[in-house]
Amino acid sequence: MTPAIESRDLGRRYRRTWALRGCTLALPEGRVIALVGPNGAGKSTLLNLAAGLLQPSEGTLRIFGEPLDDRPAALARISYMAQETALYPTFTVAELLTFGRRLNPGWDDRWARERLSRLRLPSDVPAGRLSGGQRAQVALVLALAKRPRLLLLDEPLASLDPVARHDVMALLMESVAEAGMTVVLSSHIISDLVDTCDWLVTINQGRVQVSGDIDELLATHRLLTGPREALDSLPPRLPVVAHTVNGRQASVLARIGAHRLAPVWTVNEVSLDELVLCYLRQPASSALPGPTSVR
Amino acid sequence: MIDFRLDARSGVSTYLQLVQQVKHALRLGLLQPGDRLPTAAEVVAALAINPNTVLKAYRELEREGLVSGRPGLGTFIERSLGQSSPADQARLRRQLAGWMRSAYGAGLAREDIEALFAAALRDTAREGAA
């Protein structure tokens, strides 16, 4: 299957600083993809490149197998919701809908109106007077009404209260169930990504560390605890993500695979939070299966 | 119809929680053969989870022969779980509630009652009564 997003050695430089470098990725279609990393790691840069808002400084980028260029047909398949859900604050919701309909050929106006009324969003109020949660919902409805094949969301849940976060996620998940589009969303609140995303990409200091199916990542990584002396007896080829020593005890996060361990090690499953934290704390570690492993 | 809910701290994976809740509803007679399960879109609109998780739970229930998917119509309950009649269930539940009231009366706390119930369940299973 052709990947939704495929990049090879993709990089973007601002003057002398590389915001993103050596980014080689293949993200499968039809997934809900979490893009995770510390602030300034390159998440927004990658999303801006995929949305066609930035040009790469080096490397290549393909969306659904085709290079991204200025042709309207290429961009019509992509919706992008920027950070802080940039809506024109003086436009009413109804005016924003008109704006979207005039600019986008595939616009589904009936769906947008039906959805806005179901969410009880007022159409005659300027966007600037809506609550943060309502603004996020309007922005998401506008992004979805374009009927995109690829939906890019930059920190859609930041600055939202828990109820609004749940409502925005529910709207997003329901739309995925109906339309089956590919979603890439960045966040640094990992608990929001559990149960919603099924593919994880971590990006750290401008480089991609992990890209894989979340169930598979959780099934292959294990947290080992044992006596510190046992560190020397770990299988030499065991891919260790991180290890810490505390007194007599050593803790190791490793991609265990078929490796056999000495019985001194206690083996525990890891949560998505633990997995992400371990990788982000170790910028040098990576678990990239390579661009061929997309299913 | 069934309303799913999620317990993030249970340690049970989300899809298994959905499977267990359907089975639980079948055992209590809240779901019966012919009933329709909510669609994936309906479930995720309430729970804000990935639709594939719902589909995975429904596939597991289908594999166990409890439900069947009819294209374009939905997923329907095929058979019930547990052999007891509603009358038997109501009688046993009444008796159990009476027993629990006397346990509270004897000064047992909720945890004590749970431990006692689990122990008695193990005992009878060992005797082969279950």
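Quick caveat, the model's predicted, so the values are computed rather than measured.
Crowding of A/H259 atom NE2: a count of heavy atoms from other residues, nucleotides or ligands under 6.0 Å exceeding 12. Atom CG of B/D3 sits in a sparse spot, with 12 or fewer heavy atoms from other residues, nucleotides or ligands closer than 6.0 Å. The environment of B/R93 atom CZ is sparse: at most 12 non-hydrogen atoms of other residues, nucleotides or ligands sit within 6.0 angstrom.
The minimum heavy-atom distance linking B/N52 with A/D198 is given by the pair ND2-OD2, 3.5 Å. Between B/P51 and A/V176, the shortest heavy-atom contact is CG-CG1, 3.8 Å. Shown here for A/A177 and B/A41, the closest heavy-atom pair between the two residues is CB-CA, 3.8 Å. Contact detail for A/A170 and B/A45: the closest heavy-atom pair is CB-O, 3.3 Å.
Residue with the most contacts toward chain B among A/E174, A/H166, A/E269, A/M173: A/M173 (heavy-atom pairs, distance under 4.5 Å).
Here the straight-line distance linking atom CG of A/D215 with atom NZ of B/K56 works out to 5.0 Å at 0.5 Å rounding. Rounding to the nearest 0.5 angstrom, the gap separating the CG atom in B/L6 from the CG atom in A/D195 is 6.5 Å. Distance check, rounded to the nearest 0.5 Å: CG of A/L193 to CG of B/N50 gives 11.5 Å.
Contact annotation for B/L55: neither backbone nor side-chain heavy atoms come within less than 4.5 Å of a heavy atom of chain A.
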